[in-house]
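Let me begin by presenting the structure, written as C-alpha cells, before commenting on it.
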Amino acid sequence: MILQAQQIRKEFIRESRGTNCFQAVQETNLTLSGGTLTILMGRSGSGKSTLLNMLAGLLEPTSGKILLDGTDLYGLPDKELSRLRNQKIGVIPQGQTALHSLNVLENILLPCTLYGETVENSAVMELLERLEIAGLQTAMPSELSGGELRRMAIARALIRKPDILLADEPTSDLDDVNTAVVFNILKQFASEGKSVFVVTHENDAGKYADRLFHMDGGILRTGDESGNC
Ligand SMILES: Nc1ncnc2c1ncn2[C@@H]1O[C@H](COP(=O)(O)OP(=O)(O)OP(=O)(O)O)[C@@H](O)[C@H]1O
Ligand SMILES: [Mg+2]
C-alpha cells in the first residue's frame, strides 16, 4: 500500500503572529511505501505533526492531495474517509492519549469497538505478547509506566492491522532502553511489509531509518540533503 503526498501545503490563520497567514508546511511531495521505516526529525514547531496529521487523513491540506493507493483521501465523504483511515492507517498521536476510565485492553480495542468489530482473541494476545504487555490487560492506564503506556498506544494503532503506521514522538517520555525497545518494534513492523513513518526528537533515531528526513521551517529535506523525496 502506497501513501503519497502530492504538493501538499498547510496554512494556518493566526492573528497572534501579526500576519493572518502562516505556512506551517510548505509545498511537500513524499511517498511512503511498504517495508520501509521513514524517520522525520526537526526542531519544535517546524511542522512535523502538521505533516503527519495531513498524511493520516486527520488534517486537510490547504492545497495538494494525499493519495492512498491512488484514492484521494480528502476527496472522500467524511464517513468514508474515517472508515478507510481506521482500516488502513494506524496513528500514534503525540502525547498521552489513553482513556483513563478504560482498562488497557478496552483502550487497545477502542478502534474496533467504535466500528462494532470483533477481533479474534488469539490475534489480540499475539499483539499484546509481542509488545510485552499481555499481563496488563486489566490494569488501568494510571497504573502503567510511560513505556507501557506507549506500547499500549502502539497496540491500539495496530489492532486493526493497518498497512500504514504513523507515529508522532512515540518515545518522547521514555528512557534509552524503552526508546530502543519501541524503535525495534517499529523497525520489525516495517520489515514485515508495513509502511512506518515516525516523527521523533531522538538524536540517534537515524540508525533505525531506511529513509531519513528533516523538517525546517515547514520545509522537508532529505537526510542527505539531496532533495530527493
Ligand atoms: N491549529 C493550528 N492553528 C494555528 N497554528 C498551528 C496549529 N497547529 C500548529 N500550528 C503551528 O504550526 C507550526 C508547526 O506546528 P507542529 O505541531 O506541526 O510542529 P512540530 O514540528 O510537530 O513541533 P513539536 O516538535 O513541538 O511537536 C507551529 O508554529 C504551530 O504553532
Ligand atoms: Mg509535534
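When a ligand or atom number is given, it counts from 1 through the structure's own listing order.
- Every atom of ligand 1 is numbered from 1 in the order shown, and the set under 4.0 Å from a heavy atom of H201 is 25 (O).
- Taking only non-hydrogen atoms, the option from G217, S49, S44 nearest to atom 24 (P) of ligand 1 is S44.
- For ligand 1, the atoms sitting less than 4.0 Å from at least one non-hydrogen atom of A24 are 12 (O), numbered in the order shown with element in parentheses.
- For residue T50, no N/O/S atom approaches the Mg ion (ligand 2) to within less than 2.8 Å.
- The ligand atoms of ligand 1 that sit less than 4.0 angstrom from a heavy atom of S46 are 19 (O), 21 (O).
- At least one N/O/S atom of S49, from backbone or side chain, sits under 2.8 Å from the Mg ion (ligand 2).
- When heavy-atom distances to ligand 1 are checked against a 4.0 Å cut-off, R43 comes that close only through its backbone atoms N, CA, C and O.
- Polar contact with ligand 1: absent for F22 (N/O pair, distance under 3.5 Å).
- Distances below 4.0 Å separate heavy atoms of Q94 from the following atoms of ligand 1: 27 (O).
- F189 carries R130 over the face of its six-membered ring, with the cationic atom under 6.0 Å from the centre and within 45° of the normal.
- Residue contacts with ligand 1 include G47, since one of its heavy atoms falls under 4.0 Å from the ligand.
- Looking at T222 and R211, their side chains never bring a donor and an acceptor atom within 3.5 Å of each other.
- Proximity to T50 (heavy-atom distance under 4.0 Å) selects the following atoms of ligand 1: 14 (C), 15 (O), 16 (P), 18 (O).
- When V198, V181, T171 are each tested for a side chain to side chain contact (heavy atoms under 4.5 Å, CB included) with L186, only one passes: V198.
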